[in-house]
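Below: one structure, written as structure tokens.
Not measured: the values here are computed from a predicted model.
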Amino acid sequence: MGQCPQCGGSAEPDPEHSGVLWCLSCWLVWTLPRDRTCPGHRPTLITALRRLDEDRDLRR
């Protein structure tokens, strides 16, 4: 599935833990990088800009 960063051997997912890989040659274990859970400020900014645009139309 993947490649070991230490020896370059083949890596397989750990059946007992999600997001964990282990090397079949040197038995190195490491976790895969996780996706960010925080969506950031962009959705809030887009909503605020849309609301300002709607308010501007009401004032005309």
Side-chain angles (χ1 to χ4, degrees):
M1 172 155 192
Q3 189 175 12
C4 176
Q6 182 172 334
C7 72
S10 64
E12 293 293 324
D14 187 356
E16 296 179 2
H17 303 95
S18 64
V20 176
L21 294 177
W22 56 282
C23 178
L24 299 176
S25 301
C26 68
W27 298 96
L28 176 71
V29 177
W30 68 97
T31 59
L32 296 173
R34 293 184 179 214
D35 294 333
R36 296 175 120 196
T37 56
C38 178
H41 298 287
R42 187 173 183 187
T44 306
L45 177 64
I46 291 171
T47 304
L49 291 174
R50 189 177 303 127
R51 176 164 284 169
L52 284 173
D53 190 42
E54 290 171 359
D55 289 346
R56 187 178 301 141
D57 291 339
L58 291 176
R59 291 182 195 158
R60 289 182 184 174

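By the side chain to side chain contact (heavy atoms under 4.5 Å, CB included) test, T31 pairs with V20, sequence neighbours left out. In this structure W27 satisfies the side chain to side chain contact (heavy atoms under 4.5 Å, CB included) test together with W22, sequence neighbours excluded.
Under the 4.5 Å side-chain heavy-atom criterion for grouping Ile, Leu, Val, Met, Phe, Trp and Tyr, L24 is connected to V29 within one hydrophobic cluster.
Exactly one residue among S10, P5, C4 makes a side-chain contact (heavy atoms from CB on, under 4.5 Å) with C23. That residue is C4.
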